[in-house]
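Heads up, the thing below is written out as structure tokens.
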Amino acid sequence: MSDSTHDTPKFRYNAAFANEIERKWQDYWEAERTFWAPNPTGLLSDVNRERAHLPKKFVLDMFPYPSGAGLHVGHPLGFIGTDVYARFMRMQGFNVLHAMGYDAFGLPAEQYAVQTGQHPAVTTEQNITTYRAQLRMLGLGHDPRRGVSTTDVGYYKWTQWIFLQVFNSWYDHSNDCARHVDELVRELDAGLRLPDDDGVPWAERDALEQRRYVDDHRLVYVGEAPVNWCPGLGTVLANEEVTADGRSERGNFPVYKRPLKQWMMRITEYSDRLIADLDQLDWPDSIKLMQRNWIGKSIGAEVDFHVVGKKGASRQGAAAEQGEPTDQDASDDTLISVFTTRPDTLFGATYMVLAPEHELVDHITPNEWPECRPEWRGIFGAHRSPSEAVSAYRDFASAKSELERTSEGKQKTGVFTGAFAVNPVNGAEIPVFIADYVLTGYGTGAIMAVPAHDARDFEFAREFVIDVVPVITPSPEWLLNHEGAIAADCATWSESFHGDGVAMNSANEGVSLNGLKVREAKAAIIEWLVGENRGAATTNYKLRDWLFSRQRYWGEPFPIVYDEHGPIAVPESMLPVTLPEISNFEPATSDDPDALPSPPLGRAEDWVEVEFDLGDGPRVYRREVNTMPQWAGSCWYYLRYLDPTNEDRFVDRETERYWGENKQEAVGAVDLYVGGVEHAVLHLLYSRFWHKVLFDLGHVSTPEPFQRLFNQGYIQAYAYTDERGMYVEASEVVERDGAFTHNGKVVNREYGKIGKSLKNVVTPNDMCDEYGADTFRMYEMFMGPLDASRPWSTRDVVGVNRYLQRLWRSCIDETSGDSRVVDADIDDDTRRVLHRTIAAITNDISVLGFNTVVARLFELNNHLTKLVEASGSAPRAVVEPLILMTSPVAPHIAEELWQRLGHTTTCAYEPFPVHDPKWLVADTVEIPVQINGKVRGKVTVASDATQATCEAAARADERVAALLVGATVRKTVVVPGRMVNFVVG
RNA sequence: GCGAGCGUGGCGGAAUUGGCAGACGCGCUGGACUUAGGAUCCAGUGUCCGAAAGGACGUGGGGGUUCAAGUCCCCCCGCUCGCACCA
């Protein structure tokens with residue numbers, strides 16, 4: 001930008017002037033507390049009290065992590081979108097809560113602290129200050145009192161309090177909700193409830209046994225399960241934080257499954273409700289689908305297979321030599337339980353597979369090979385015994401990384417255990433294999449394999465030469481498409497058949513599925529299995545309990561201490577449990593997968609050992625040294641926004657009810673939640689879970705946190721590489737005749753994330769310096785639909801800047817600074833344009849269609865410009881609504897113009913213009929006249945003209961009439977007010 | 001592999017949900033004002049044929065339904081995202 005100083009009018013809207021008025025209005029809003037949203041009660045109710053009686057809108061952005069790099073132009077896209085929406089809703093008469101806090105615990109601050117020795121609290125504070133300054137510059141209408149940070153002691157005290165709520169709860173299946181454990185104990189004591197662990201009667205248990213029972217039922221518990229151990233980060237991670245190829249989402253370090261004692265949250269208790277309640281949310285279908293897939297509910301059956309008694313006369317001798325127990329008889333009773341979603345194909349099960357780590361593998365493996373096909377002994381040549389083959393295979397499988405395991409062309413591997421099991425429906429003795437295509441963690445870790453109707457089983461069966469028996473008749477089309485395939489003979493099949501079909505080969509003395517469709521066959525076989533006590537209908541979920549502990553310093557400490565028997569909650573009155581000061585924040589990281597986690601808090605010995613009186617006199621306890629994951633603080637921040645200063649409760653009940661209150665069909669507290677898709681299954685699932693626990697316990701009044709979710713797209717930018725492939729500074733690249741050059745040399749254009757590494761960073765500060773915040777805001781809104789990703793293009797920004805300049809010039813004399821607005825009449829045409837614009841904008845803002853909002857503003861302004869050119873002045877009846885409609889997008893210039901037009905208060909609460917429907921319809925409309933669907937003329941008719949009138953007018957058109965001469969009109973289609981079409985033949 | 005979504009001028013993108021494709025903006029071309037223009041203002045700008053009037057073509061490709069298709073249906077191609085042996 002280069003308005004040379006000597007001839008630029010003093011009151012031209014240029015960058016310097018924009019910056020001046022922007023600062024002025026930001027100061028005004030702060031001083032006047034313009035965006036302080038009143039609560040119904042409490043400390044935040046005194047200012048703007050009159051608005052507390054209005055209906056509410058709760059508008060929310062996803063909590064940013066304040067990184068040291070500050071904001072680039074991609075970050076504030078959603079923030080500006082919510083600000084436009086929030087400002088619009090204020091003008092529509094709502095009490096709008098819009099605030100911005102910080103998700104400030106987490107790895108980057110800690111890693112920076114490790115490198116520099118500076119306390120993470122210090123860098124976090126600096127980063128937040130930077131963020132606040134950058135956001136203030138954008139003119140976002142946040143209520144500053146509510147800008148909490150998860151690292152504030154006054155905040156994480158309540159994170160710990162919520163943890164205790166979860167800790168002190170159990171899931172009551174008979175009422176399908178969480179309840180306080182005291183109620184569980186009371187019911188057990190009173191005999192109203194029996195222990196569900198088939199143990200001794202409750203009354204006969206001692207205090208320690210009772211405590212263990214309760215601990216086992218809490219919604220938070222210490223579990224020892226295979227967890228994702230990431231030695232590179234020195235911490236364990238939740239499933240959601242591990243990528244498909246077995247690496248950490250942060251840092252991309254390898255992750256190993258290791259059995260470790262860790263805190264777990266029973267999110268799985270909520271699986272069904274988390275799925276069911278999605279139906280009532282106004283979320284993108286793609287996100288709902290991702291959540292459903294992640295929870296992964298499958299309905300099927302569990303079926304028990306008896307293992308055939310081990311064979312081989314020399315077996316006992318061999319076992320005795322190795323000092324193993326000889327349990328031949330016991331093996332007769334061994335049951336392998338499998339989960340299947342296709343119990344209707346049970347007659348086609350020709351082998352079984354256990355996961356290599358399955359606990360029964362050693363138990364069922366005999367010492368000598370039975371008679372079997374040589375291929376079954378696996379991929380390592382002939383082993384002398386099954387147990388040799390099994391252990392060799394286990395070594396092979398566990399040496400493979402997650403990536404290798406899934407990417408090796410899906411070549412199936414495995415070995416025969418030497419054991420056989422009996423198919424309960426037909427008595428067939430089928431071989432039992434181990435193979436790594438069966439996962440330990442899902443279902444029972446064992447499957448019945450039906451190669452005819454499952455792709456994986458089919459591949460395995462072909463590999464190992466196992467029988468393939470069809471039990472569903474393929475459709476004729478399928479057989480046709482699989483040349484040579486015959487329904488009854490799978491030997492000719494090239495792949496398994498998964499389609500719908502009727503059952504075949506599926507009958508025994510007690511049940512016949514033959515001729516039944518899949519659904520009916522499932523029901524019939526389950527009924528039979530239940531009757532025979534060989535199985536039952538069950539449901540399985542992919543979702544696992546949430547691994548909740550991390551071996552980090554910069555997180556919330558657990559409000560937990562240990563005595564010699566286990567964990568005990570720190571009483572509420574002793575919250576918060578504050579982080580101790582330590583000097584070395586580093587967890588022990590390592591390349592060694594067998595290294596053990598070692599949390600940094602363990603080194604704060606003075607802190608770890610603590611003396612309390614928990615009712616039985618002062619005793620020494622040891623504190624929990626793990627910290628909570630970053631997700632903990634972000635699970636509930638929207639609730640703290642409601643009542644950030646409350647020291648007695650995490651949120652006041654009445655305040656929560658006011659801001660959470662919703663129309664009958666709505667179930668979520670937040671009216672609009674805008675953020676990126678990357679949180680589809682992490683934050684959004686955890687947050688829904690906590691909210692539901694709080695709902696069950698009566699602490700919040702809605703079953704869901706977020707009613708309407710909107711995913712904003714990402715802004716990326718072009719990047720350029722030179723002939724060496726090195727990135728060059730993108731801002732220095734110029735385009736000439738379709739080629740891109742940097743210092744005269746041609747460079748190659750790429751497209752990617754904005755960041756230092758691609759040298760393509762553009763910051764909001766750059767844009768504000770060059771054009772002003774209003775231009776920047778408006779450009780971000782104009783560049784495309786909010787949910788679409790698109791490339792940043794600084795070159796295009798000038799377009800919206802011109803709009804603001806023209807608007808300014810229409811209203812203000814550039815040399816004198818005086819208003820050019822007059823109270824003149826406006827013509828009907830102008831009035832129509834105005835009201836059409838009002839109607840379109842009102843609709844588009846509510847559906848977050850901000851790009852078309854800006855386009856409509858441009859149109860009205862273009863019309864206004866013509867009026868001003870013609871008359872030398874701007875009619876107030878157009879200018880004022882235009883300013884008001886501009887104000888949500890470009891609030892500073894709107895305030896300035898509003899003031900210069902003679903108003904004395906902010907326009908933030910002026911009623912948004914309302915359209916008059918009568919001006920939406922013109923007296924006349926021009927409609928196209930088509931002949932055979934091609935436009936051949938246009939006629940103007942009264943907008944309420946009848947079919948007959950339209951047709952008559954069309955026929956009267958000279959050109960149309962000429963074309964119709966001599967033609968036979970076979971049909972005439974008239975859509976009144978829209979078009980006329982003559983079909984001639 | 002499975003699932004979801006998307007393909008519209010040189011570019012970003014609009015199109016009452018079946019009714020004039022390309023709103024609005026960038027860029028480009030021409031002009032005005034200027035010592036100057038990378039400022040501002042005005043006009044033009046889908047492609048092809050044509051001096052023009054006008055015509056033909058046109059929403060990834062092919063087919064279909066319809067008086068009428070960017071929009072609905074079928075097949076194919078390309079891109080993006082999610083899941084990834086989940087039984």
Side-chain angles (χ1 to χ4, degrees), chain A residues 1-4 7-9 12 14 243-245 284-287 289-290 292-294 296-298 300 338-342 345 353 402 405-408 410 412 435-439 441-450 453-457 459-460 540-543 677 680-681 734-735 738 778-779 782-785 788-800 802-803 805-806 809 814 840 843 849 851-859 861-862 865 869 926-935 937-938 959 969-975 977-984:
Chain A
M1 299 292 293
S2 66
D3 287 294
S4 57
D7 65 346
T8 303
R12 168 154 295 184
N14 58 20
T243 60
D245 53 348
D285 286 338
S286 58
I287 301 292
L289 191 66
M290 282 164 73
R292 285 200 187 92
N293 288 343
W294 189 262
K297 179 176 184 172
S298 20
V338 304
F339 174 71
T340 176
T341 55
R342 293 297 303 276
T345 62
V353 186
E402 211 53 28
R405 185 181 150 119
T406 51
S407 69
E408 280 171 355
K410 309 249 162 166
K412 294 286 180 289
D436 65 0
Y437 83 91
V438 171
L439 310 171
Y442 186 75
T444 60
I447 62 156
M448 64 176 212
V450 184
H453 305 295
D454 181 280
R456 299 151 301 182
D457 296 346
E459 282 170 36
F460 189 87
N540 245 292
Y541 300 89
K542 249 174 78 181
L543 185 69
V677 273
V681 288
V734 290
E735 184 180 0
M778 202 164 203
Y779 174 65
F782 181 57
M783 56 196 294
S789 293
R790 55 309 240 327
W792 177 263
S793 174
T794 300
R795 182 173 86 171
D796 294 359
V797 176
V798 68
V800 293
R802 280 180 195 145
Y803 163 79
Q805 242 179 47
R806 274 172 220 173
R809 192 164 34 231
E814 287 190 320
N843 174 67
N851 54 329
T852 51
V853 167
V854 176
R856 296 288 95 82
L857 290 172
F858 284 5
E859 281 173 339
N861 191 43
N862 289 345
T865 306
E869 258 167 43
E926 191 188 51
I927 61 171
V929 182
Q930 302 174 347
I931 293 171
N932 285 347
K934 307 223 175 211
V935 179
K938 289 180 183 180
R959 255 188 86 205
V969 176
R970 292 194 311 177
K971 189 173 177 183
T972 308
V973 183
V974 181
V975 183
R978 305 232 57 159
M979 45 73 64
V980 178
N981 189 12
F982 295 107
V983 185
V984 303

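Convention: sequence-line order gives letters A, B, ...; per-chain numbering from 1.
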Note to self: If the condition is side-chain hydrogen bond (donor to acceptor under 3.5 Å, both in side chains), which residues does A:R790 pass it with, not counting sequence neighbours?
What the structure shows: none
Item checked: Counterpart residues, side chain to side chain contact (heavy atoms under 4.5 Å, CB included), relative to A:S286 (two or more places apart) -> A:P284
Next item on the list: Please identify each residue that fulfils salt bridge (Lys or Arg N to Asp or Glu O under 4.0 Å) with A:K297, with sequence neighbours left out.
Entry: A:D272
Next item on the list: Kindly write out the residues that satisfy ring pair (Phe, Tyr, Trp, His ring centres under 6.0 Å) with A:F858, not counting sequence neighbours, or none if the list is empty.
Entry: A:F782, A:Y803
Next item on the list: Could I get the full list of salt bridge (Lys or Arg N to Asp or Glu O under 4.0 Å) partners for A:R806, not counting sequence neighbours?
Entry: none
Next item on the list: Not counting sequence neighbours, which residues clear salt bridge (Lys or Arg N to Asp or Glu O under 4.0 Å) with A:R970? List them please.
Entry: none
Item checked: Contact pattern, 5' to 3', of nucleotides 20-33 of chain B - B, S or - by protein heavy atom under 4.0 Å -> B--BBSSS------
Margin query: Does the protein touch nucleotides 45-54 of chain B at the base, only the backbone, or not at all? Give it as B, S and - per nucleotide, heavy atoms under 4.0 Å.
Written below: ---------S
Checklist line | Under the salt bridge (Lys or Arg N to Asp or Glu O under 4.0 Å) test, residues paired with A:E814 that sit two or more places apart | finding: A:R12, A:R809
Note to self: Under 4.0 Å, counting only non-hydrogen atoms across every strand here, what does A:L289 touch: a base, just sugar-phosphate, or nothing?
What the structure shows: sugar-phosphate
Item checked: OP1 or OP2 of B:C57 under 4.0 Å from side-chain N/O of A:K934 -> yes
Check: Using a cut-off of 4.0 Å on non-hydrogen atoms, how would the nucleic acid contact of A:S789 be classed: base, sugar-phosphate, or nothing?
Finding: sugar-phosphate
